[in-house]
Amino acid sequence: MSTATRAKELQSQVRRMVKERRALMLAHNYQRDEIQEIADIGGDSLALAQKAAQTDAEVILFCGVHFMAESAAILSPQKTVLLPMLEAGCPMADMITAEKLREKKAELGPDVPIVTYVNSSAEVKAESDICCTSANAVAVVNSLEADRVFMTPDMNLAKYVQRHTAKKIEWWKGFCPTHHLLRAETIIDLKSKYPEARVVAHPECTPDILDLADHVCSTSGMYAYAKTENARRFIIATESGILYRLRKENPDKEFIIATEEMICPNMKVTTLEDVYDALVDMKEVITVPENIRVKAKQALDRMLAIPRD
Ligand code: 13P
Ligand code: SF4
């Protein structure tokens, strides 16, 4: 049997199991193409958190990384949240712990609110005033009364927000190793090769990359921009999983990934086989201790009450 035929067969088996388990299959925009293709909903971290909070499905099958499934479990504790591969983590989320954040809070004092990127553990969220995603970070920060704000764990997102707010932003020095692979010289070279192309970058990229971008947005923001922007060619500065839907939804446009190296190993660890096994064996079930969950939910709920940028 060819690989393509096997993949199609597995896709049908997964869909059959999704129905049998009365599950909602969510897939992040960086997942493998064949997983995105059959998900009920694909999206960025914010859209997926919103869907997880709203659904009345009994089972949420999360094709993404651990913090995403954990957010679903925080928001919907009565549902069974499955993450096919437990090792699908996020190195940036691991760059801060609840203990380190408590120490930082003691240093900052009570008047500096903590804004935590959803790419973080439940314990870290529980220590935070409000969460944010790349789609709403500016709006979240501007919604706060304080003039001084501390953002964690992504310093690049914090630096991006600093450019769009009058508040003083301080930050934890975390970063995404995948987005840090991209060098400004690579974008400069691509721009000189394709001068008419639009450069679209994720705010996890370093500030020198964002300086070169025509548009900075979340992964789902990239779909919206590609659709509405009157250009034929786009240079994309984020993880390569984004290309699947960009190309599918815009067959007449060209999308060039800034560098082929931008592959998040954690986002790619989950295969169709793993998704199928997860539904058959109902694993891995993601849960959060109730004392942590309740506090983390407050930070997520405050974020969800704020409209997207
Ligand atoms: P989005 O919320 O923009 O999809 O980003 C998630 C992520 O992990 C980016 O690296
Ligand atoms: Fe984490 Fe970066 Fe992977 Fe996103 S792309 S999940 S921030 S390591």
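Just follow the structure's listing: the first ligand is 1, and inside any ligand the first atom is 1.
Counting only protein N, O or S atoms closer than 2.8 Å to atom 3 (Fe) of ligand 2 gives 1.
Contact check for Ser134 versus Asn119: no side-chain heavy atoms found under the 4.5 Å cut-off. When side chains are defined from C-beta on, Ile96 does not count as touching Glu123, because their heavy atoms never get closer than 4.5 Å. Between Met151 and Val141, the closest side-chain pair of non-hydrogen atoms falls below 4.5 Å. Taking the side chain as every heavy atom from C-beta outward, Cys63 and Val275 approach each other to under 4.5 Å.
Within ligand 1, the atoms closer than 4.0 Å to a non-hydrogen atom of Ser134 are 1 (P), 2 (O), 3 (O), numbered from 1 in the order shown. Those atoms of ligand 1 that come under 4.0 Å of a heavy atom in His179, given as number and element, are 10 (O). Close contacts of ligand 1 with Tyr30, meaning ligand atoms under 4.0 Å from a residue heavy atom, involve 7 (C), 9 (C), 10 (O). Near His202, with a cut-off below 4.0 Å to any heavy atom, the atoms of ligand 1 are 1 (P), 3 (O), 5 (O), 9 (C). Listed by number with element, the atoms of ligand 2 under 4.0 angstrom from any heavy atom of Glu204 are 2 (Fe), 7 (S). Close approach of ligand 1 to Ser218 (heavy-atom distance below 4.0 Å) involves ligand atoms 3 (O). Under a 4.0 Å criterion applied to the non-hydrogen atoms of Asn119, ligand 1 contributes the atoms 7 (C), 8 (O).
Looking at Thr133 against ligand 1, nothing comes within 4.0 Å, counting heavy atoms. Under 4.0 Å from ligand 1, not a single heavy atom of Val118 appears.
No N or O atom of Asn29 sits closer than 3.5 Å to an N or O atom of ligand 1. Below 3.5 Å of separation, one finds no N or O of Asp44 facing any N or O of ligand 1.
Taking the six-membered ring for Trp and the full ring otherwise, the centers of His179 and Phe175 sit at least 6.0 Å from each other.
Side-chain contact check for Gln11 and Lys8: at least one donor-acceptor pair (N or O, by modelled atom type) lies under 3.5 Å. Between the side chains of Ser45 and Thr133, no donor-acceptor pair is found at a separation under 3.5 Å. Side-chain polar atoms of Lys125 and Ser120 form a donor-acceptor pair below 3.5 angstrom. Counted by atom type alone, Asn156 and His180 present one or more donor-acceptor pairs between their side chains at under 3.5 Å. When only modelled atom types and interatomic distance are considered, Tyr30 and Thr238 share a side-chain donor-acceptor pair under 3.5 Å.
Using a distance-only test at 3.5 Å, with no hydrogens or angles considered, a donor-acceptor pair links the side chain of Ser192 to the main chain of Asp189.
Atom CD of Glu196 sits in a crowded spot, with more than 12 heavy atoms from other residues, nucleotides or ligands closer than 6.0 Å.
Annotation: atom 2 (O) of ligand 1 to nearest protein heavy atom, Ser45 OG, 2.7 Å. Among all protein heavy atoms, the one lying closest to atom 9 (C) of ligand 1 is Glu204 OE2, 3.0 Å.
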task = Would you please test Leu75 and Asp301 for side chain to side chain contact (heavy atoms under 4.5 Å, CB included) and show each step?
result = CA-CA 8 Å; Leu75 292 165; Asp301 281 344; 3.7 Å; yes
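The shortest heavy-atom distance from His28 to ligand 1 is under 4.0 Å.
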